[in-house]
Amino acid sequence: MEEKVRVRFAPSPTGPLHIGSARTALFNYLYAKKNGGVFALRFEDTDKERSQKVFEENILAGIKWLRLEADEIYYQSKRENSYQSALKKLTERGLIYESDGGVYFKIPVENKKIIVDDIVRGKVEFDSKDFDDLVLFKKDGTPTFHFANVVDDIEMKITHVIRGEDHLSNTPKHILLYEALDATPPKFAHISLILNPDRSKMSKRSGDVDLDEYIRAGYLPEALINFLVQLGWSDPESREFLTMSEIIQSFDLSRVQKGGAVFDIKHLNHLNHHYLMQKSLDEYMQLAEPFIKQFAGDKALLESAIKLIQDRAQILSDIPELISYFFTQPEYDTPLLIFKKSSPEQTSKGLSVALKVLEKVSPKDWTKEKLQSILDEAISSESLLPGDLFWPIRVALSGQEGSPSPVELLEAFGKEESISRIKIAINKLGV
RNA sequence: GCCGCCAUCGUCUAGUGGUUAGGACGCAAGAUUCUCAUUCUUGUAACCGGGGUUCGACUCCCCGUGGCGGUACCA
C-alpha cells in the first residue's frame, strides 16, 4: 500500500521570510498538492535567542500571500516531550554521552558508508568517518536543529523532505539518527539555491531577499509564483505563464534543475508586467490602492489616469511617478515642447491653433475620438505637421517625453485644465 | 584543508548518442506612431577545458578548472 504523501516546510522564525525559503515552501506545497498529500508548516523555533513571534507572523503572512495554505502547523518549542523520549530511547541504547553540559550522539567509528538517495541528485555517498559526534541537546536544554528535525519528521510521518541544497551535507547525519531511532528515513529532494548575479548565494548585498520587500514593491503573487517555480523547474510544455493549478498538474521533482539559478529581477518584472496588464480596471484599481493614497481626491481623474498608464507600470510602486502630472502642473524645460522635426515658430502656431479649436469644442464633444478628428482637421487646414501640434500638446499636458497620446490626455484632463496647461505652454514659448 | 553538490546563449531553461542546439527574459533593428508603453516581425548570443568510450558525443566515463554548500551547543 502506498502511504499518503506528507511534506513539510520548516522555517526558523529568526528573520522575515526569505525569497529562497518561499521557493522551498512552494516546491513542498506543489509536491503535496500534486500527490494529494499534506503540506505541513513547522516552525523550528528551538533557538530561543533569535526566534521571534513577529517573524512567525511574517512567515505565516507571506505563505498566505503566496496562496500556499498549510494543512497543519507545528511549533518545535511545544514538542519538548517528544525530544525527551527520543533521547531516552537513544540513551538506553548507549548511543549518547554528555560533555560540557551538552548531549552528544555517537557517530559510528567504523568507516560506515551512508547513501543518500536523493530524488533530484541520485545516490550521494558519504563516509561516517568524516563526521564529528552530533550535539543533540545544547547546554541550555533545548534540542538542536538536527535532532528536533529528525524526531519531528518521524513523528509527523513526513514521507518526503524537500529542502535547500545547503542541507545535503547534513542528510547523512540525519540518516544515522533515523537508523538509531528505528525509523525508515523519508525520501529526500535537495533543491538548488537561488543565486546573486555574481553566482554567490543570494544575499542582502545585491538586492532584496525578503518576500516582504517584493510585496511592498508591488509584485503580484502569481508573478512571484511563476518566477520562483521556474527558477529550477521547467514546464514540459514550455508555457511561460501558468496558473497555480496548471503548475500543480505539471509539477514533477524529476524535472528540477540541479544547478543554482540566478535571481533575474528583469525576468520577474516581465512576468509581473504581464499579470498587471491582464487585470481589469477594477481589479487594477484595487491592487493599486495602497500605492496611490496621496492622490485620493478626484476619483474620476484618478481612474482615468490609472487606465491610461496600466500598460506602463511593471510593478505597482511605479504608478505614483507615472500619474503624478495628472494632479499637478508638470515642470519641464521649454525646448521639450518642440518636436525634433519642428521649430519654435511651428510649435507656437500649432499650440495656438489647438487652443483656438479646443476652446470651441462643446463638453459633449470632449471625447478622444472627437478631439482626434477636430485636431486632425486643424492640422490639414492650417498646413501643419502632426508633430507641430500633437507633440507640444502632449508635453504641455504631461511634461514628459513619453506619455499616453494627446487626445487621451485631453479627454482625461477635461477642457478647463487642458486649456490652462496649453496656455502655460504658449507662454513658456514666449512668442 | 577535508567532505559533498553543480556546470547549455549575459540570465532562466529545452535537450537523455546522430538536431540548422529550441524557447523565454534582456539587448538591437523594423512595422505602427507626435512620444513612450503595448502589440507584431526580425536579428543577437551558448554546450567550461583536456582526455577517453563510440562509426558518431552537449548528452556516457575520468581528470582538471571554476562556482556553491557543509564542516556550529544557527537552522
Side-chain angles (χ1 to χ4, degrees), chain A residues 10-15 21 44-47 49-51 76 99-104 116 118 120-122 124-127 129-132 134-149 163-173 190 192-193 195-201 227 230-241 255 257-271 273-274 277 308-314 322 336 339-342 347 350 375 379 385-395 398 400-407:
Chain A
S12 63
T14 54
S21 303
E44 308 221 325
D45 51 355
T46 55
D47 185 338
E49 297 287 303
R50 300 196 299 144
S51 295
Q76 290 190 329
S99 170
D100 194 25
V103 175
Y104 287 76
V116 177
D118 192 278
V120 334
R121 283 150 216 286
V124 183
E125 195 175 300
F126 295 86
D127 195 315
K129 74 168 165 28
D130 295 318
F131 306 128
D132 292 328
L134 203 57
V135 178
L136 260 31
F137 272 86
K138 299 173 251 179
K139 65 178 133 193
D140 68 359
T142 58
T144 59
F145 152 71
H146 299 291
F147 192 50
N149 191 272
R163 55 175 24 165
E165 190 192 352
D166 46 343
H167 286 301
L168 182 56
S169 307
N170 290 146
T171 305
K173 301 176 204 172
H190 287 93
S192 57
L193 271 17
L195 275 21
N196 290 318
D198 67 358
R199 306 205 74 86
S200 58
K201 184 178 172 182
F227 178 66
Q230 297 193 63
L231 231 41
W233 173 83
S234 60
D235 175 41
E237 293 173 49
S238 295
R239 289 170 296 189
E240 193 185 357
F241 308 103
R255 279 187 77 83
Q257 198 79 5
K258 295 203 249 320
V262 172
F263 187 98
D264 180 12
I265 192 76
K266 283 186 169 159
H267 190 215
L268 210 209
N269 287 343
H270 164 74
L271 295 171
H273 185 217
H274 170 85
M277 285 199 302
L308 291 180
I309 58 83
Q310 184 173 353
D311 63 359
R312 277 153 220 275
Q314 298 218 61
L322 289 168
L336 188 60
F339 184 53
K340 59 179 189 281
K341 290 177 189 163
S342 186
T347 301
L375 292 172
I379 284 171
L385 294 170
D388 298 328
L389 182 140
F390 288 113
W391 173 275
I393 292 179
R394 209 178 48 66
V395 173
S398 71
Q400 304 291 312
E401 275 182 72
S403 81
S405 75
V407 292

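Lettering of chains follows the sequences in order, A, B, ..., and the numbering in each one begins at 1.
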Between CZ of F339(A) and C1' of U35(B) the distance, given in whole Å, is 7 Å
Using a cut-off of strictly less than 4.0 Å, decide whether Q257(A) has a side-chain nitrogen or oxygen near OP1 or OP2 of A14(B).
yes
If pairing requires Watson-Crick or G-U wobble contacts with both distances under 3.5 Å, which nucleotide is the partner of C60(B)?
G52(B)
Using the P atoms only, state how far U8(B) lies from G15(B), rounded to an integer number of Å.
14 Å
Heavy-atom distance under 4.5 Å between the side chains of V103(A) and F147(A), does that happen here?
no
Mind calculating the distance between CG (N269(A)) and P (C25(B)) to the nearest angstrom?
13 Å
Starting at NE2 of H267(A), measure out to CD of E240(A) and round the result to the nearest 0.5 Å.
5.5 Å
N/O (side chain, R255(A)) to phosphate O (OP1/OP2, G15(B)) under 4.0 Å
yes
Could you tell me which nucleotide pairs with G1(B) by Watson-Crick or G-U wobble geometry, both distances under 3.5 Å, or answer none if nothing does?
U71(B)
When you compare G64(B) with C73(B), how far apart are their P atoms, in angstrom units rounded to a whole number?
32 Å
As a test of reading the structure: which of U35(B), C5(B), G10(B) is closest to the side chain of D264(A), going by heavy atoms?
G10(B)
What's the NZ-P distance between K258(A) and G15(B), to the nearest Å?
11 Å
Using the C1' atoms only, state how far G49(B) lies from U65(B), rounded to an integer number of Å.
7 Å
Just by distance, do the side chain of R163(A) and the backbone of L168(A) share a donor-acceptor pair under 3.5 Å?
no
Interatomic distance, CD@Q76(A) vs OG@S12(A), rounded to 0.5 Å, equals 9.5 Å
Answer with base, sugar-phosphate or nothing: what part of the nucleic acid does E401(A) contact at a heavy-atom distance below 4.0 Å?
base
Where each residue is assigned the nucleotide of RNA chain B containing its nearest heavy atom, which of F227(A) and K138(A) is assigned the position nearer the 5′ end?
F227(A)
So, is K266(A) close to the G10(B) phosphate, meaning a side-chain N or O under 4.0 Å from OP1 or OP2?
no
Tell me the interatomic distance from F147(A), atom CZ, to A75(B), atom C1', rounded to whole angstroms.
16 Å
Measure from the side-chain N and O atoms of N196(A) to the backbone N and O of D198(A), and report whether any donor-acceptor pair falls under 3.5 Å.
no
Is there a side-chain contact between T144(A) and K138(A) in this structure, where contact means two heavy atoms from C-beta onward sitting under 4.5 Å apart?
yes
Students often get this wrong, so: under 4.0 angstrom with heavy atoms, is S99(A) touching a base, only sugar-phosphate, or nothing?
base
Return the value, rounded to whole Å, for the distance between atom CG of L136(A) and atom P of C73(B).
12 Å
Contact class for D118(A) vs. all strands (heavy atom < 4.0 Å): base, sugar-phosphate, or nothing?
nothing
Under 3.5 Å for both donor-acceptor distances, Watson-Crick or wobble: does A7(B) have a partner, and if so which one?
U65(B)
Tell me if a side-chain donor or acceptor on D388(A) pairs with a main-chain N or O of T347(A) at a distance below 3.5 Å.
no
Rounded C1' spacing from C40(B) to A45(B) in Å:
22 Å
Can a side chain N or O of S192(A) be found less than 4.0 Å away from OP1 or OP2 on C6(B)?
no
Separation of the P atoms in G50(B) and C55(B), to the nearest angstrom
22 Å
Can you tell me the base-pairing partner of A14(B)? Count Watson-Crick or G-U wobble geometry only, both distances below 3.5 Å, and say none if there is no partner.
none
For G259(A), which contact category applies under a 4.0 Å heavy-atom criterion: base, sugar-phosphate, or nothing?
sugar-phosphate
For a quick check of understanding: with a heavy-atom distance under 4.0 Å over all strands, which category does E49(A) fall into, base, sugar-phosphate or nothing?
nothing
Between D118(A) and H190(A) (side chain of the first, backbone of the second, donor and acceptor by atom type, cut-off under 3.5 Å), is there such a pair?
yes
When we call it a touch if two heavy atoms are under 4.0 Å apart, what does G164(A) touch: a base, just sugar-phosphate, or nothing?
nothing
Taking every heavy atom of E44(A) against every heavy atom of P13(A), the minimum-distance pair comes out as O-CD, 3.7 Å
Short side-chain N/O contact to C25(B) OP1/OP2 from H267(A), under 4.0 Å
no
Can you tell me, in whole Å, how much space there is between the P of U59(B) and that of G51(B)?
13 Å
R239(A) has an atom CZ; how far is it from atom C1' of G22(B), in whole Å?
18 Å
Check every strand shown and say whether F126(A) touches a base, only sugar-phosphate, or nothing at a heavy-atom separation below 4.0 Å.
sugar-phosphate
Nearest-angstrom distance, C1' atom, G10(B) to G69(B)
25 Å
In whole angstrom, what separates N196(A)'s CG from C12(B)'s P?
12 Å
Between R394(A) and T14(A), just flag the one whose closest nucleotide in RNA chain B comes earlier from the 5' side.
R394(A)
Considering only the C1' atoms, how many Å lie between A21(B) and C58(B), rounded to the nearest integer?
8 Å
If pairing requires Watson-Crick or G-U wobble contacts with both distances under 3.5 Å, which nucleotide is the partner of U41(B)?
A29(B)
Return the orientation label for the H274(A) and F241(A) ring planes: parallel under 30°, perpendicular over 60°, tilted otherwise.
parallel
Just to be sure I understand the rule, does F241(A) reach a base, reach only the sugar-phosphate, or reach nothing, if contact means heavy atoms closer than 4.0 Å?
nothing
Using a 4.0 Å cut-off on protein heavy atoms (strictly under), produce a 5'-to-3' string for nucleotides 38-45 of chain B with B for base contact, S for backbone-only sugar-phosphate contact, and - for none.
SS------
Pick base, sugar-phosphate or nothing for S234(A), based on heavy-atom distances below 4.0 Å to the nucleic acid.
sugar-phosphate
Just verifying a value: how many Å separate D166(A) CG and S192(A) OG, rounded to the nearest 0.5 Å?
10.5 Å
Taking R255(A) for the side chain and W233(A) for the main chain, is one N or O donor matched with an acceptor at less than 3.5 Å?
no
Provide a list of protein-nucleic acid N or O atom pairs under 3.5 angstrom, restricted to nucleotides 65-72 of chain B.
residue: G67(B); atom: O2'; partner: R199(A); partner atom: O; Å: 3.4
residue: G69(B); atom: O2'; partner: D166(A); partner atom: O; Å: 3.4
residue: G69(B); atom: N2; partner: S169(A); partner atom: OG; Å: 3.1

Ignoring hydrogens and angles, tell me if any N or O in the side chain of W391(A) forms a donor-acceptor pair with the backbone of L336(A) under 3.5 Å.
yes
Across all strands shown, which nucleotide pairs with U19(B) by Watson-Crick or G-U wobble geometry, both distances under 3.5 Å?
none
Rounding to a whole Å, what distance do you find between D45(A):CG and A75(B):P?
10 Å
